[in-house]
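Values in this document were obtained by computation on a predicted structure and should not be read as measured data. Note that ligands are numbered from 1 as they come in the structure, with each ligand's atoms numbered from 1 the same way.
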Amino acid sequence: MSDKKNVLVLNCGSSSVKYKLYEMPGKTLLAQDYLQQIQRDEYEDTIRGVFETLKQYRIDIISHRVVHGGEAFKQSVVIDEQVKAEIRSLSRFAPLHNPINLTGIEIAQSIYPELKHVAVFDTAFHQTMPPSSYLYALPYEYYEHYGIRKYGFHGTSHRYVMSRAEEMLNRPKEQLRLISCHIGSGVSITAIRYGESFDTSMGMTPLAGLSMGTRSGNIDPGIIPYIEEIEKTDTAGAITILNNKSGLMGVSGVSNDLRDVMEKAAEGHYRSQLALELFTTILHKHIGLYLARLNGVDGIIFTAGVGENSATVREMVCTGLEFAGVNLDREANRASKGEAFISTEYSPVKVMVIPTNEELVMATDAYELSFQ
Ligand code: ADP
């Protein structure tokens, strides 16, 4: 596999388009951009604009991020009509994401019909979970007939940091139990057992699990009809509140950006202090859950915007895990930059900061599939 190929990694989100062009297998980044706050009616023009900008480059393969792959996709695939039909049908689980992902695929295919297009799914890595992890305690028919189960997300990120942890720890993944904490504007934790996702915090949709920038994470479902009554809204309206007005934003009343919340908290703003406390406590408790699920761990990984940059959050999350062999090196934690160990030398559990790189996984998958 020494042929050089230029792989365009395309991530069409609900209001943004992100791309990176890599020369593979050398992983050389040739071009990148991140276009944000795109309105629905200008979306298609924006994607076409990206291809216009990239005209000066040769593109050999296009790798598309697709949020929901359901049970149909356990790994990345070359896109054909059947794959597209499946992605479309999975829109029922990800109505804000899959249709947009598909729009990106269709525009790219219309401009580059001769190229191989690859889909990389956020859910694929989690397809190894056992039923005891992915089933909800609901009537079993809901799973059998309607696919109601936990799928999990951020899989590409969890997979990337796992492979980096394997290198850092210098032990094959088949021997490792890891807890991977992806803490960005979305938050998910995954229990990784012997190289595979064993349990994860997000659910059928990315609203579940931990509290996030604007998302509530798990709540008592009985709250939903009461919110509908209070707000004089319907179920969709209540879910919008859980998606967009909750989490750090909802509790602090200040911002969904942790930096703003921490700044206010330091000034003594009570609700910001509470928001930070709640956010980190929920993270801490979930680590406890997965310590049990894995019967102890070898490593804990912090990644994504908050995980990579906030020493305070990492310290708050790890404090009180000493009983399980997690001994944070507070100085190393404060000083860490890039990939780093932040546990003490003799800590039985290694704590690592690993900057995520989902795009590189997407480029690598597409490059490898292009030889098939
Ligand atoms: P996305 O899920 O949008 O890709 P990121 O992984 O980029 O999100 O994470 C974004 C979040 O990371 C921001 O909302 C911000 O709160 C947080 N963040 C970034 N840098 C820092 C920092 N230095 N300290 C604390 N939080 C940070």
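For ligand 1, the atoms lying closer than 4.0 Å to a non-hydrogen atom of Ala304 are 6 (O). Under a 4.0 Å criterion applied to the non-hydrogen atoms of Val306, ligand 1 contributes the atoms 12 (O), 17 (C). Numbered from 1 in the order shown, with element, the atoms of ligand 1 that lie under 4.0 Å from a heavy atom of Ser310 read 25 (C).
Between the side chains of Ser133 and Arg293, a donor-acceptor pair is found at a separation under 3.5 Å. Counted by atom type alone, Thr190 and His158 present one or more donor-acceptor pairs between their side chains at under 3.5 Å.
Counting only heavy atoms of the protein, atom 25 (C) of ligand 1 lies nearest to Arg259 CG, 3.6 Å. Given atom 4 (O) of ligand 1, the protein heavy atom at minimum distance is Lys18 NZ, 4.5 Å. Leu258 N, 2.7 Å is the protein heavy atom nearest to atom 16 (O) of ligand 1.
Aromatic rings from Tyr194 and Phe198 are positioned such that their centres are separated by 6.0 Å or more. His68 has its ring centre less than 6.0 Å from the ring centre of Tyr151.
Annotation: Gln175, atom CD; neighbour count of heavy atoms from other residues, nucleotides and ligands within 6.0 Å is above 12.
Cation-pi geometry between Lys74 and Phe121 is not satisfied (NZ or CZ under 6.0 Å from the ring centre, within 45° of the ring normal).
Between Val77 and Val118, every side-chain heavy-atom pair lies at or beyond the 4.5 Å cut-off.
Compare Val313, Ile183, Asn309, Thr312 by their heavy atoms: the one nearest to atom 20 (N) of ligand 1 is in Asn309. Nearest-residue assignment for atom 2 (O) of ligand 1 (options Gly307, Pro355, Ser185, Gly305; heavy-atom criterion): Ser185.
Distances between N or O atoms of Asp257 and those of ligand 1 include at least one value under 3.5 Å.
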